[in-house]
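See below for the structure under consideration.
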Amino acid sequence: MRLTVFNGSPRGRKGNTNIILDHFLRGYEATPGNTYELYHLNRLKETEHFVQAFAQAETVVLAHPLYTDAMPAIVKAFIEQLEPYLDRDNKPAIGFIVQSGFVEAAHSRYVERYWEKLSRRLGSCYLGAIIKGGCEPLHRGEKQFQKVLVSFYELGKSFGEAGQFDEKMVKELAQPEKLSPLLRFIIQLVWKINGNGYWDTWLKENDAYERRDARPYEGG
Ligand SMILES: Cc1cc2nc3c(=O)[nH]c(=O)nc-3n(C[C@H](O)[C@H](O)[C@H](O)COP(=O)(O)O)c2cc1C
């Protein structure tokens, strides 16, 4: 199989999407003869090149993080460039990988519906979407997330063999679809007590804590 892959993370090679793709593609490559080309959509100057790659693709996988309940702007901008290819005869089959910070897959179901609709509009065969929440800490490389990455390897492997996402594996990986009411209550409680503790740590690490309430556009 010849696969054309787009990484829709604004963090490009440094992001969690790239870590996931790395494992997925290693699995995919386990089948002899499988090849792929990987494009990072955050390289804005290469947009024309990406569009050409899409136009010549046989099978496409587009992976992106969930940003404010949707796709990052660079992904939307890329999609909007594809209109001239609506008339192409052999449309590539398209599958999606959507990973997010919040653990519940439910957050990504809206964008999943969008991808299904878009695939239809492009006249492409929709291969489905792999949804995984709780991915924010992946870049820290902690052992507890190894299992998730192994699952992505296995999904890539079965995709490389069958040209389709394994439905059972996709369903298992998406768990939990929603948190139980008890767990939600506990999280809300921790949030109340700890406030913005997690985000404050990030702001401090990036020397931006003192400017956390800055409103640079106000009154401008
Ligand atoms: C600007 C921004 C918006 C985000 N919005 C959401 C969101 O709406 N829901 C969610 O579950 N995670 C959200 N996240 C978390 C990311 O989806 C998560 O950290 C992801 O693993 C980042 O992948 P990346 O490193 O490839 O960009 C957001 C992160 C950023 C930076």
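Atoms within a ligand are numbered from 1 in the order they appear, just like the ligands themselves. Being a predicted model, the structure only gives us computed values, none of them experimental.
- Between Q81 and F50 there is no side-chain heavy-atom pair separated by less than 4.5 Å.
- Remark: minimum distance from atom 20 (C) of ligand 1 to any protein heavy atom is reached at Q99 OE1, 3.3 Å.
- Only side-chain heavy atoms of R11 come within less than 4.0 Å of ligand 1; its backbone N, CA, C and O stay farther off.
- The single protein non-hydrogen atom nearest to atom 15 (C) of ligand 1 is G101 N, 3.7 Å, given as residue, atom name and distance.
- The aromatic rings of Y126 and F96 sit tilted, their planes meeting at an angle between 30° and 60°.
- Between L66, N7, N16, it is L66 that holds the heavy atom closest to atom 16 (C) of ligand 1.
- Each salt bridge (Lys or Arg N to Asp or Glu O under 4.0 Å) pair with one or both residues in residues 151-174, not counting sequence neighbours, appears once here: K157-E161, K168-E172.
- Under a 4.0 Å criterion applied to the non-hydrogen atoms of G15, ligand 1 contributes the atoms 25 (O), 26 (O).
- The protein heavy-atom contact nearest to atom 11 (O) of ligand 1 is F102 N, 2.8 Å.
- From the protein, the heavy atom lying nearest to atom 1 (C) of ligand 1 is Y67 CD2, 3.9 Å.
- Protein heavy atom nearest atom 8 (O) of ligand 1, with residue, atom name and distance: D69 N, 2.8 Å.
- In this structure, F78 and F54 have perpendicular ring planes: the angle between them is above 60°, well past the 30° mark.
- Looking at R26 and D22, a side-chain N of the basic residue comes within less than 4.0 Å of a carboxylate O on the acidic one, giving a salt bridge.
- Between S108 and L66, the closest heavy-atom pair is OG-CD2, 3.7 Å.
- Considering only heavy atoms from C-beta on, V61 comes within 4.5 Å of F159 through its side chain.
- Looking from atom 19 (O) of ligand 1 to the surrounding protein, the closest heavy atom is E136 OE1, 2.3 Å.
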With side chain to side chain contact (heavy atoms under 4.5 Å, CB included) as the test, would you mind laying out the steps for L3 and N34 before giving the verdict? CA-CA 8 Å; L3 185 62; N34 277 358; over 6 Å; no

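- Heavy-atom contacts of T17 reach the following atoms of ligand 1: 24 (P), 26 (O) (cutoff under 4.0 Å).
- Heavy-atom contacts of S9 reach the following atoms of ligand 1: 24 (P), 26 (O), 27 (O) (cutoff under 4.0 Å).
- Counting only heavy atoms of the protein, atom 5 (N) of ligand 1 lies nearest to T68 N, 2.8 Å.
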